[in-house]
Amino acid sequence: MTQPRQPACAPAADASDEGRYLALRARDARFDGHFFTGVTSTGIYCRPVCAVRTPRRDNCRFFTLAAQAERAGFRPCLRCRPELAPQALRWSLQDASAVLVQQAVRLLDAPELWAPAPQQAVQAAQAAQAAQAGHPGAVARLAQRLGVSDRHLRRIFEAALGVSPLQYLQTRRLLTAKQLLTDTTMPVTDIALASGFASLRRFNAAFAGHYRLNPTQLRRSGADAAAPTQCSDASVSTPAQRSGATATATQRSGASATAGHTGELRLAWRPPLDVAALLAFFARRQLHGVEWVLPDGAGPILRRTVRLAPGCTGQPREIIGWISARFDGSRHLLLLQASDSLYPVLPLVIRRVRALLDLDADPAAINAVLHPHFPQGDGLRLPGAFDGFELAVRAVLGQQVTLAAARTLGQRLVERLGQTIATPWPELDRLFPTPATLAATDGAVLGQMGIVRQRQAAIVALARAVDGGQLALHDGADPEKTTAALCALPGIGDWTAQYIAMRVLRWPDAFPSGDVALHKALGLQGQKNPARAATAAAQAWRPWRSYALLRAWAGAAAQA
């Protein structure tokens with residue numbers, strides 16, 4: 001067997017490697033995604049939770065990133081599947097280079113920001129031209145977005161991580177494709193396009209070069225290596241039925257969203273995760289027809305309808321569908337099903353579901369700061385948002401009213417202006433209104449729903465800013481610039497902007513200092529300036545003030 005080649009920048013062995021080996025021996029899921037182990041005797045790299053026999057210490061090399069392991073010549077394990085590992089989100093407030101690298105990594109992880117693949121309807125000459133442009137264009141666009149030269153980006157990226165941005169991007173695409181090959185019955189051509197490759201030829205060449213297998217061989221090997229999971233929902237077809245599906249990606253992106261042939265996509269998390277608390281948060285806020293929480297049964301489930309605009313998918317038209325996420329706590333896995341209409345954008349769906357349920361959180365780092373202050377909240381996760389605009393509108397509706405009142409207003413909005421959709425469940429039949437719909441809605445119509453004039457103006461202004469492209473609401477947006485832009489809109493204040501930053505931008509240090517529930521939880525409501533006192537108290541919680549706020553809310557609810 002060909003031995004892995006030595007990388008140009010091999011990670012230096014240090015004392016931390018001994019700790020990593022202990023975590024590997026214990027198969028400790030808390031370290032999943034924090035490092036990968038390359039085994040020199042096999043040429044394979046694994047997650048710390050891999051169930052295979054623990055390799056000898058002198059055969060192990062440790063890497064922080066999957067891209068580093070692949071650059072060193074290791075291939076991903078077909079049993080533990082490195083593509084399932086939670087991402088390692090790191091935050092820095094001081095080192096400018098570290099901040100730039102972190103931003104670059106987050107953007108390279110985002111499928112909506114990968115170089116757009118040509119659609120099947122594009123002429124062959126255009127496809128060849130796009131393929132020839134390839135990845136350097138993606139890296140150049142990334143550097144432009146970050147406001148630096150691509151040379152500077154490559155230099156600091158390689159200095160910090162030991163791989164180039166191009167190598168990191170290639171690994172992300174290949175691991176995404178590997179997951180789709182293993183967990184779905186999607187045609188290989190569709191997987192190539194969904195994973196950001198400009199052509200099937202380039203996809204096959206990349207696979208052969210990195211994994212010494214073609215995609216079909218890997219799909220067969222993956223099926224043999226991993227035990228299949230059974231769908232618990234009778235409305236979802238069996239693998240035998242799925243094998244007969246012949247619809248093209250273009251056909252699947254249409255309005256029909258009732259089928260579910262993707263199988264179960266497996267998404268891992270690091271324990272602990274308080275599933276009951278997370279789903280209770282969504283259940284208290286769910287809008288009938290759009291969301292449906294099932295806390296009991298074989299596994300707690302969250303289902304919802306989804307809409308993805310052309311601007312974030314690269315598709316010629318919007319894509320609608322549904323997702324169903326079931327928690328398997330014993331294996332620290334989320335089992336995700338999606339409608340066939342979401343086939344072309346499954347990588348984007350996966351990323352948004354991970355953000356929605358905060359699956360990439362690192363409890364060890366968070367609890368190291370917050371446990372002394374909130375010892376009962378170690379398993380709490382920060383609920384995110386699948387659609388940033390939807391969450392922002394619902395945040396505006398929740399200003400200065402009770403949770404029940406905000407939910408009532410949101411329900412009226414969905415029933416009056418939301419588009420209908422067919423799903424396997426009668427409980428899900430509506431989509432949240434689009435920015436274009438709300439931007440064109442007359443204030444009188446909103447007033448008939450009980451929305452006061454100030455909120456009417458805020459919703460319309462927000463919708464127009466998003467529909468016109470002046471405001472981006474996703475987890476790659478800059479928190480400071482986005483919160484400033486939100487506060488500049490009529491009827492939106494600091495609390496709403498910080499709440500949106502917390503749940504939409506996934507900013508772990510967002511902090512609505514004027515939150516009344518927070519003041520009550522901290523016993524500050526009687527002070528002259530409780531917001532200032534809360535800000536001072538929260539300095540000890542940085543950079544995890546968003547998580548601290550969630551724990552303060554949970555503590556106050558438990559005492560009520």
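This structure is a prediction, so every number in the text was calculated from the model and none was measured.
Proximity of Q498 to T483: side-chain heavy atoms (C-beta onward) are separated by under 4.5 Å at one or more points. Side chains of F327 and L279 form a contact here, defined as non-hydrogen atoms less than 4.5 Å apart. Counting heavy atoms from C-beta on, the side chains of L438 and L413 come closer than 4.5 Å. By the 4.5 Å heavy-atom criterion applied to side chains, E318 and P310 are counted as neighbours. Inter-residue side-chain proximity for L107 and L146 is flagged as met; some heavy-atom pair is nearer than 4.5 Å. In this structure, L267 and W269 have side chains that are not in contact, with every pair of non-hydrogen atoms separated by 4.5 Å or more. Side chains of R351 and Q87 form a contact here, defined as non-hydrogen atoms less than 4.5 Å apart.
Of all the heavy atoms in L357 and L278, the pair that sits closest is O-CD2, 3.8 Å. The minimum heavy-atom distance linking L287 with G410 is given by the pair CD2-C, 3.9 Å. The two residues L462 and A392 have their closest heavy-atom pair at CD2-CB, 3.6 Å. F389 approaches L473 most closely through the heavy-atom pair CA-CD1, 4.0 Å. Listed here is the closest heavy atom pair of A472 and A477: O-CB, 3.7 Å. Between L518 and P512, the shortest heavy-atom distance links the atoms CD2-O, 4.3 Å.
The CG atom of L382 sits 8.5 Å away from atom CD1 of I366, with the distance rounded to the nearest 0.5 Å. The line from CG of L169 to OG1 of T171 is 9.0 Å long, rounded to the nearest 0.5 Å. For the atom pair NZ (K481) and CG (L471), the distance works out to 13.5 Å, reported to the nearest 0.5 Å. A distance of 9.5 Å separates CG of D340 from CE of M186, quoted to the nearest 0.5 Å. In this structure, R326 CZ and L302 CG are separated by 13.5 Å, a value rounded to the nearest 0.5 Å. Atom CD1 of I191 is separated from atom CG of L346 by 9.0 Å, given to the nearest 0.5 angstrom.
Panel note: side chain Q525, backbone P530; no donor-acceptor pair is recorded below 3.5 Å. Side chain of D183 to main chain of R266: a donor-acceptor pair is present (N/O by atom type, distance under 3.5 Å, no hydrogens or angles). Remark: side-chain polar atoms of S339 are paired, donor with acceptor, to backbone N or O of W322 under 3.5 angstrom. Without hydrogens or angle criteria, R307 side chain to D387 main chain gives no donor-acceptor distance under 3.5 Å. Under a 3.5 Å cut-off, the side chain of R285 and the backbone N or O of F281 do form a donor-acceptor pair. Side-chain N or O atoms of S546 include one that pairs as donor or acceptor with a backbone N or O of A510 at under 3.5 Å. Formation of a donor-acceptor pair under 3.5 Å by the S341 side chain with backbone atoms of I320 is found in this model. In this structure a side-chain-to-backbone donor-acceptor pair under 3.5 Å is missing from R284 to A404. Judged purely by atom type and a 3.5 angstrom limit, R407 uses its side chain to pair as donor or acceptor with the backbone of Q286. In this structure, the side chain of N367 engages the main chain of P363 through a donor-acceptor pair within 3.5 Å.
Judged by the 6.0 Å distance and 45° axis criteria, R551 is not positioned over the aromatic ring of Y547.
Under a cut-off of 6.0 angstrom, the local environment of CD in Q376 is sparse, with at most 12 non-hydrogen atoms contributed by other residues, nucleotides or ligands. For Q400, the CD atom counts as loosely surrounded, since its 6.0 Å shell holds 12 or fewer non-hydrogen atoms of other residues, nucleotides or ligands. For E480, the CD atom sits in a loose shell: 12 or fewer heavy atoms of surrounding residues, nucleotides or ligands are nearer than 6.0 Å. No more than 12 heavy-atom neighbours from other residues, nucleotides or ligands sit within 6.0 angstrom of CD on Q144.
The aromatic rings of F511 and W541 sit perpendicular to each other, their planes meeting at more than 60°, with 30° as the lower class boundary. Relative ring orientation between W495 and Y499 is described as parallel, the plane-to-plane angle staying below 30° on a 0-90° scale split at 30° and 60°.
Of the N and O atoms on the side chains of R430 and Q411, not one donor lies less than 3.5 Å from an acceptor on the other residue.
Under the side chain to side chain contact (heavy atoms under 4.5 Å, CB included) rule, L446 has a single partner from V460, V452, L409, which is V460. D109 pairs in a salt bridge (Lys or Arg N to Asp or Glu O under 4.0 Å) with only one of the listed residues (R172, R506, R354), which is R172.
A salt bridge links E291 with R394: the distance from a Lys NZ or Arg NE/NH1/NH2 to an Asp or Glu carboxylate oxygen falls below 4.0 Å.
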Any chance you could lay out the side chain to side chain contact (heavy atoms under 4.5 Å, CB included) test for V306 and V349, step after step, and finish with the verdict? CA-CA 9 Å; V306 299; V349 171; 5.7 Å; no
Stepwise salt bridge (Lys or Arg N to Asp or Glu O under 4.0 Å) check, R303 with E427: CA-CA 10 Å; R303 292 176 176 145; E427 294 83 357; over 6 Å; no
